[in-house]
Amino acid sequence: MDSTTVALGLSIIAFLTSAFVFFQLRDAKTPTEQTISITKPLQLQAYERLVLLCERIALPNLISRVSQPNLSVAEMQVFLVESIKQEFEYNATQQIYVSQTAWEAVRNLRDQNLLLINSISKSLSPNAKASDLNRTIIEAIMQEERAALHTFTTDTVNAEAKKIM
């Protein structure tokens with residue numbers, strides 16, 4: 001065999017090998033129907049959990065669930081803050097299944113609620129009771145223009161979930 005034939009043979013083998021590898025990699029990058037059928041329910045479940053989280057850390061719901069009027073303002077502040085932090089930490093893993101927009105909305109809700117609780121707590125007398133803190137928080141929410149931040153967050157999470165449905 002002469003060198004031209006050997007070179008042509010090696011070129012054909014190299015071309016076929018690279019074409020094979022190209023198609024294998026291309027097929028590996030596209031999600032299969034099986035992958036989609038596994039991840040879609042996980043994503044929807046994650047959005048469902050985030051909606052539940054939003055409802056649980058919505059201040060009116062949280063206050064009605066954990067209210068202990070005999071506590072001091074400082075004790076109730078700690079109780080509310082810890083409840084929000086625990087709820088959020090329990091659901092933190094859901095962020096890998098949801099959009100960045102949905103996760104940021106939930107994180108903003110948490111941060112705004114913590115800010116409101118802490119700022120109102122500082123504005124009250126140290127002798128005030130938990131019931132005073134709870135009432136003042138509810139009044140502040142009702143006076144706020146964008147009063148239902150948790151409603152906005154829930155709507156955002158719902159809209160993101162509907163994109164994948």
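Side chains are part of it too, since the values below use all heavy atoms of this structure and drop only hydrogens, waters and symmetry mates. Predicted model only: the values in this text are computed from it and were never measured.
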**OP:** May I ask whether I120 and L115 are part of the same hydrophobic cluster, defined by side-chain heavy atoms of I, L, V, M, F, W, Y residues being less than 4.5 angstrom apart, directly or through others?
**Re:** no
**OP:** Please name all residues satisfying side-chain contact (heavy atoms from CB on, under 4.5 Å) with E82, sequence neighbours left out, ordered by chain then number.
**Re:** V78, K85
Original post:
Rounded to the nearest 0.5 Å, how far does OG1 of T153 lie from CD of Q112?
Top reply: 9.5 Å
Subject >> Rounded distance (nearest 0.5 Å) linking atom OG1 of T136 with atom CG of N134 >> reply: 8.5 Å
**OP:** Indicate if F152 and M142 have the same hydrophobic cluster label, given that clusters are the connected sets of ILVMFWY residues with side-chain heavy-atom separations under 4.5 angstrom.
**Re:** yes
Original post:
Among the clusters formed by ILVMFWY side chains lying less than 4.5 Å apart, do L50 and M165 turn up in the same one?
Top reply: yes
Original post:
Roughly how far apart are E48 CD and Q94 CD, rounded to 0.5 Å?
Top reply: 10.0 Å
**OP:** Please answer whether the main-chain N or O of S72 pairs with a side-chain N or O of E75 as donor and acceptor at a distance below 3.5 Å.
**Re:** yes
**OP:** Please report the C-alpha distance between L109 and L53 in whole Å, then the side-chain angles of each, then the deciding distance to 0.1 Å, and finally whether the side-chain contact (heavy atoms from CB on, under 4.5 Å) criterion is met.
**Re:** CA-CA 10 Å; L109 174 63; L53 171 62; over 6 Å; no
**OP:** Report the C-alpha separation of N127 and V73 in whole Å, then their side-chain angles, then the decisive distance to 0.1 Å, and conclude whether the side-chain contact (heavy atoms from CB on, under 4.5 Å) test is met.
**Re:** CA-CA 8 Å; N127 299 332; V73 168; over 6 Å; no
**OP:** Would you list the pairs meeting side-chain hydrogen bond (donor to acceptor under 3.5 Å, both in side chains) in which at least one residue belongs to residues 53-64, sequence neighbours left out?
**Re:** E55-N61, R56-E87
Original post:
Quick one: do L71 and I138 end up in the same hydrophobic cluster if we chain Ile, Leu, Val, Met, Phe, Trp and Tyr together by side-chain heavy atoms under 4.5 Å apart?
Top reply: yes
**OP:** Mind checking the CG-CD1 spacing from L44 to I164? Nearest 0.5 Å is all I need.
**Re:** 4.0 Å
Subject >> Backbone N/O of A92 and side chain of Q95: donor-acceptor pair under 3.5 Å >> reply: yes
Original post:
Taking atom CZ of F88 and atom CG of L114, what is their separation to the nearest 0.5 Å?
Top reply: 9.5 Å
Original post:
Do L52 and N91 touch side chain to side chain, with heavy atoms closer than 4.5 Å?
Top reply: no
Subject >> Shortest non-hydrogen contact between C54 and H150, atoms and distance >> reply: O-CB, 4.1 Å
**OP:** Please examine the side chains of M76 and V66, heavy atoms only from C-beta on, and report whether any two atoms are closer than 4.5 Å.
**Re:** yes
**OP:** Report yes if the side chains of V98 and V106 come closer than 4.5 Å at any heavy-atom pair, otherwise no.
**Re:** no
**OP:** Nearest 0.5 Å please: distance from the CG atom of L124 over to the CG atom of L133.
**Re:** 6.0 Å
Original post:
When you look at R135 and D132, which way does the salt bridge (Lys or Arg N to Asp or Glu O under 4.0 Å) test go after all the steps?
Top reply: CA-CA 5 Å; R135 183 181 31 60; D132 298 327; 3.1 Å; yes
Original post:
Minimum heavy-atom separation for P69 to K129, with atom names?
Top reply: O-CB, 4.0 Å
Subject >> N113 to I57 - nearest heavy-atom pair and separation >> reply: ND2-O, 2.7 Å
**OP:** Go through the side-chain N and O atoms of E139 and Q143 and say whether any donor and acceptor fall under 3.5 Å apart.
**Re:** no
Original post:
Do L80 and I137 come close enough that some side-chain heavy atom pair is under 4.5 Å?
Top reply: yes
Original post:
What's the shortest heavy-atom distance between Y47 and Y97, and which atoms?
Top reply: CE1-O, 4.3 Å
